[in-house]
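Here the structure is a predicted model, which means the values were calculated and not measured. So you know, we letter chains A, B, ... as the sequences are listed, proteins then strands, and number each from 1.
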2 protein chains.
Amino acid sequence: MNIDAHQRFSDFIKSAGLKGTEQRAVILDAFLGTDAHVSVDDLHHIISNADKKVGYATVHRTMKLIAECGLAREVMFNDGISRFENTLDSSHHHHLICNDCGQIIEFSSKVMEIEEKRLAKKYDFEIESHHFKIFGICKSCRDQKKRNNSRTVL
Amino acid sequence: MNIDAHQRFSDFIKSAGLKGTEQRAVILDAFLGTDAHVSVDDLHHIISNADKKVGYATVHRTMKLIAECGLAREVMFNDGISRFENTLDSSHHHHLICNDCGQIIEFSSKVMEIEEKRLAKKYDFEIESHHFKIFGICKSCRDQKKRNNSRTVL
DNA sequence: ACGAAAATGAAAATCAATTTCAATACCGAA
DNA sequence: TTCGGTATTGAAATTGATTTTCATTTTCGT
Ligand SMILES: [Mn+2]
Ligand SMILES: [Mn+2]
Ligand SMILES: [Zn+2]
Ligand SMILES: [Zn+2]
């Protein structure tokens with residue numbers, strides 16, 4: 001189905017005149033092993049916890065490469081930290097982000113994709129990327145608040 | 001029509017147990033005097049150029065207050081800098097951002113607002129804010145590229 | 001005017017991201 | 001396989017926006 005991610009990365013590396021290294025393999029594996037939205041720091045910890053040693057700067061540089069070759073997408077929520085998500089095993093989507101617990105709900109919307117194309121045409125704009133983010137309070141956080149409020153009243 | 005922005009800000013200040021100061025007035029005026037997406041640094045320069053002296057930290061803290069009271073909305077594009085835009089004299093909208101020249105085109109979309117409400121209901125999510133950002137290349141940058149390319153060929 | 005509380009601003013701290021650079025590793029050519 | 005030019009690594013330093021600190025000043029209800 002998909003071209004193997006490792007293959008794709010090494011093709012990218014080669015075609016860019018770069019070199020394959022043990023560190024890059026370790027980082028790619030760590031990244032492919034998560035299904036969350038991981039920061040450079042997250043990945044650096046994951047790698048360290050697996051008793052491998054790769055410098056923070058190298059994780060950072062390699063994640064940029066992995067994103068550049070299309071295996072990762074860089075997303076920023078509201079905390080000023082860049083996070084990466086696997087693009088191969090998830091289709092295009094957007095995010096609902098809970099302001100309380102940080103939970104992230106993914107969604108996709110055909111309606112929005114169509115509307116976006118209409119807007120691009122209207123403004124004669126060539127789209128390279130786009131992102132819709134909805135911030136608010138998730139159901140479980142609202143429920144928890146309700147419980148706390150009734151407790152306060154008692 | 002609108003409650004006067006100054007009135008609204010001073011009401012907010014008062015109700016929060018804060019104090020009115022000359023600096024806050026200067027900063028609010030500077031902010032209301034622009035119609036762009038201005039950073040703290042932008043505003044600090046605007047104020048300095050007008051031969052007034054307000055510390056950078058005070059501009060920062062005051063813009064947070066102005067946003068908190070609903071007179072400004074904080075937006076972040078892709079350069080890691082927070083910018084503020086006037087909410088009173090512009091209605092709710094989203095942004096097309098040119099990756100080449102940084103130009104920002106504003107748009108609003110009824111379709112998206114409706115779709116967003118549908119999604120919130122679907123995921124039982126209480127929306128507090130949302131933002132749709134489309135990155136790409138604007139018409140004039142595309143035209144310029146074309147011109148450069150034909151020049152290269154010659 | 002007094003005095004408690006808040007605000008100011010210069011400087012320092014924070015913190016993710018990025019750069020530096022000397023040492024090391026990669027890899028194609030011979 | 002060795003060689004050698006090039007890329008990579010990683011610890012430490014730097015960057016740059018944001019945020020905090022804290023001594024001093026200002027505000028504003030009484
Ligand atoms: Mn996602
Ligand atoms: Mn705008
Ligand atoms: Zn939540
Ligand atoms: Zn442009």
field: Residues within residues 16-30 of chain A bordering DNA chain D, heavy-atom distance below 4.0 Å
entry: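 Within residues 16-30 of chain A, the residues near DNA chain D are A:Gly17, A:Leu18, A:Lys19, A:Thr21, A:Gln23, A:Arg24.
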
I need the [atom1]-[atom2] distance between [X] and [N], as an integer number of Å.
X       : N      : atom1 : atom2 : answer
B:Ile81 : C:dA16 : CD1   : P     : 18 Å
B:Ile13 : D:dG29 : CD1   : C1'   : 17 Å
B:Asp42 : D:dA17 : CG    : P     : 11 Å
B:Met76 : C:dA17 : CE    : P     : 11 Å
B:Leu43 : C:dG9  : CG    : P     : 15 Å
B:Asp79 : D:dT18 : CG    : P     : 9 Å
A:Phe12 : D:dA7  : CZ    : P     : 14 Å
A:Arg83 : C:dA17 : CZ    : C1'   : 14 Å

- request: Could you walk me through whether A:Ser140 and A:Asp143 pass the side chain to side chain donor-acceptor pair (under 3.5 Å) test, one step at a time?
  value: CA-CA 5 Å; A:Ser140 75; A:Asp143 288 350; over 6 Å; no

message: On DNA chain D, compare the nucleotides closest to B:Glu74 and A:Val59; which residue's is nearer the 5' end?
response: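 Looking at the nearest nucleotide for each, A:Val59 comes out on the 5' side.
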
- prompt: Where do A:Thr62 and A:Phe9 land on the side chain to side chain contact (heavy atoms under 4.5 Å, CB included) test, with the steps shown first?
  reply: CA-CA 11 Å; A:Thr62 300; A:Phe9 188 55; 4.3 Å; yes

Is there a side-chain polar atom (N or O) of [X] under 4.0 Å from OP1 or OP2 of [N]?
X       : N      : result
B:Ser82 : D:dT18 : yes
A:Tyr56 : C:dA17 : yes
A:His60 : C:dT18 : yes

- request: Please work out if B:Lys64 contacts a base, only the sugar-phosphate, or nothing of the nucleic acid, heavy-atom cut-off 4.0 Å.
  value: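 Sugar-phosphate contact only - B:Lys64 comes under 4.0 Å of backbone atoms but never of a base.
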
message: Check for me whether the distance between the ring centres of B:His131 and B:His95 falls short of 6.0 Å.
response: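 Ring-ring flag for B:His131/B:His95: true, centres closer than 6.0 Å.
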
query: Is the shortest distance from a Lys or Arg side-chain nitrogen in A:Arg118 or A:Glu115 to a carboxylate oxygen in the other one below 4.0 Å?
result: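 Salt bridge between A:Arg118 and A:Glu115, a charged N being under 4.0 Å from a carboxylate O: yes.
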
message: We want to know whether A:His92 and A:His130 form a side-chain donor-acceptor pair, criterion being a heavy-atom distance below 3.5 angstrom.
response: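 Judged by distance alone, the side chains do pair up.
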
query: Is it true that the side chains of A:Glu74 and A:His37 contain a donor and an acceptor less than 3.5 Å apart?
result: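 Result is no, nothing qualifies.
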
Hey, can you pull the donor-acceptor pairs under 3.5 Å for the side chains in residues 19-29 of chain A, sequence neighbours left out?
residue: A:Thr21; atom: OG1; partner: A:Arg24; partner atom: N; Å: 3.1
residue: A:Arg24; atom: NH1; partner: A:Lys19; partner atom: O; Å: 2.6
residue: A:Asp29; atom: OD1; partner: A:His6; partner atom: NE2; Å: 2.5

